[in-house]
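Only one structure is covered here, and it is reproduced in the block below.
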Amino acid sequence: MKILPIIMITASLAMALSVQAYQEVTSGGLETIRGIAKINETKSAEALKRVIKDKNPIQRNYVHQPPVVPHQTRGYRVNKDSNKCLTCHGWKYARETGATKISLTHFETRDGKTLSDVSPRRYFCSQCHVTQADAPELVDNLFKPVESLGND
Ligand code: HEC
Ligand code: HEC
């Protein structure tokens, strides 16, 4: 019965080869913003950038741009029970807090109805409004903000 050892050797060889093939999976030459990484390898994420803290409102780049957030938002909860952002940006509080009021579009439903309070589609503020960090561009680009909004 010499056939059994032969089968075993062949099987273990095949396994070893497939493990090697797995380890050699490459990115196919593609480079992501995180650099070249093998598909089966997880690169560690970059350290979090320091978020800009309490600046005046930042110039908008184009019409209908959701303005970017000029302050930190860590710990500002938004869930079905409460919305920290609205405690300053809601019309009820804005005068007192000095925050820009949410605009009328934030009361409109997707069917164009105007509600008496913020519309569900504008409830999760950070879906559109993002904090800023002073960081180099990830990708070179030729973007220029529109002049009509006071940009040079
Ligand atoms: C404690 C009050 C307060 C809270 C809470 C708050 N903000 Fe603000 N926010 C301000 C003030 C005040 C400004 C005006 C800029 C300034 O003077 O710092 C501002 C500015 C902004 C702007 C820029 C508006 C513009 O006209 O350019 C955006 C966008 C914004 N906040 C979004 C948010 C979001 C999203 C949240 C919740 C994650 C939030 N804010 C929570 C007080 C607040
Ligand atoms: C679906 C995207 C979206 C969501 C969600 C959203 N916004 Fe906006 N926001 C915008 C856009 C786009 C603008 C600029 C045009 C406009 O006013 O509609 C804007 C404008 C603003 C402005 C400036 C208003 C002005 O008069 O110039 C403030 C302040 C603001 N949003 C706060 C908030 C807060 C607070 C929330 C959460 C309750 C929120 N937004 C949710 C898209 C969004």
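Quick caveat, the model's predicted, so the values are computed rather than measured. Position 1 is the first residue of the sequence, and the numbers go up from there.
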*Shortest non-hydrogen separation from Ser119 to Glu108 and the atoms involved*: OG-O, 3.0 Å
*His89: partners by side-chain hydrogen bond (donor to acceptor under 3.5 Å, both in side chains), with sequence neighbours left out*: none
_Non-hydrogen atoms of Asn79 and Tyr123 that approach each other most closely_ = O-OH, 2.7 Å
_Polar side chain donor-acceptor pair, Arg77 to Ser82, under 3.5 angstrom_ = no
*Examine Ile52 and Val69 and state if one hydrophobic cluster contains both, with Ile, Leu, Val, Met, Phe, Trp and Tyr joined whenever side-chain heavy atoms are less than 4.5 Å apart.*
no
*What distance do Arg50 atom CZ and Lys53 atom NZ have between them, rounded to the nearest 0.5 Å?*
7.5 Å
*Reference residue His71; test side-chain contact (heavy atoms from CB on, under 4.5 Å); the match among Thr131, Asn56, Asp54*: Asp54
_Looking at Asp111, I'd like to know if its CG atom is crowded, meaning that more than 12 non-hydrogen atoms belonging to other residues, nucleotides or ligands lie closer than 6.0 Å._
yes
*Quick one: do Val78 and Cys85 satisfy side chain to side chain contact (heavy atoms under 4.5 Å, CB included)? Show the steps, please.*
CA-CA 7 Å; Val78 176; Cys85 314; 3.8 Å; yes
*Between CD1 of Ile58 and NZ of Lys55, what distance do you get to the nearest 0.5 Å?*
5.0 Å
*asked:* Is it the case that atom NZ in Lys92 sees more than 12 heavy atoms from other parts of the structure closer than 6.0 Å?
replied: no
*Just by modelled atom types, is the Ile102 backbone N or O under 3.5 Å from a matching donor or acceptor in the Trp91 side chain?*
yes
*Could you tell me the separation between the CZ atom of Arg121 and the CG atom of Leu115, rounded to the nearest 0.5 Å?*
9.5 Å
*List the steps, then state whether side chain to side chain contact (heavy atoms under 4.5 Å, CB included) holds for Cys125 with Asn83.*
CA-CA 9 Å; Cys125 321; Asn83 184 319; 3.8 Å; yes
*asked:* Is it the case that atom CZ in Phe124 sees more than 12 heavy atoms from other parts of the structure closer than 6.0 Å?
replied: yes
_So which atom in Thr105 and which in Arg122 form the shortest heavy-atom distance, rounded to 0.1 Å?_
OG1-NH1, 2.9 Å
*Nearest 0.5 Å please: distance from the CD atom of Gln65 over to the CD atom of Gln59.*
9.5 Å
*asked:* Between Gln132 and Pro70, is there a side-chain heavy-atom distance shorter than 4.5 Å?
replied: no
*Hey, any chance Val68 and Val51 share a hydrophobic cluster, counting ILVMFWY side chains that come within less than 4.5 Å of each other, even indirectly?*
no
*What pair of heavy atoms forms the shortest contact from Cys88 to Ala99, and how long is it?*
O-CB, 3.5 Å
Only pairs under 3.5 Å count here: list side-chain donor-acceptor contacts from residues 141-151, not counting sequence neighbours, and write none if there are none.
| unit_1 | atom_1 | unit_2 | atom_2 | d |
| --- | --- | --- | --- | --- |
| Asn141 | OD1 | Phe143 | N | 3.0 |
| Asn141 | ND2 | Val139 | O | 3.2 |
| Asn151 | ND2 | Arg60 | O | 3.0 |
| Asn151 | ND2 | Val146 | O | 2.9 |

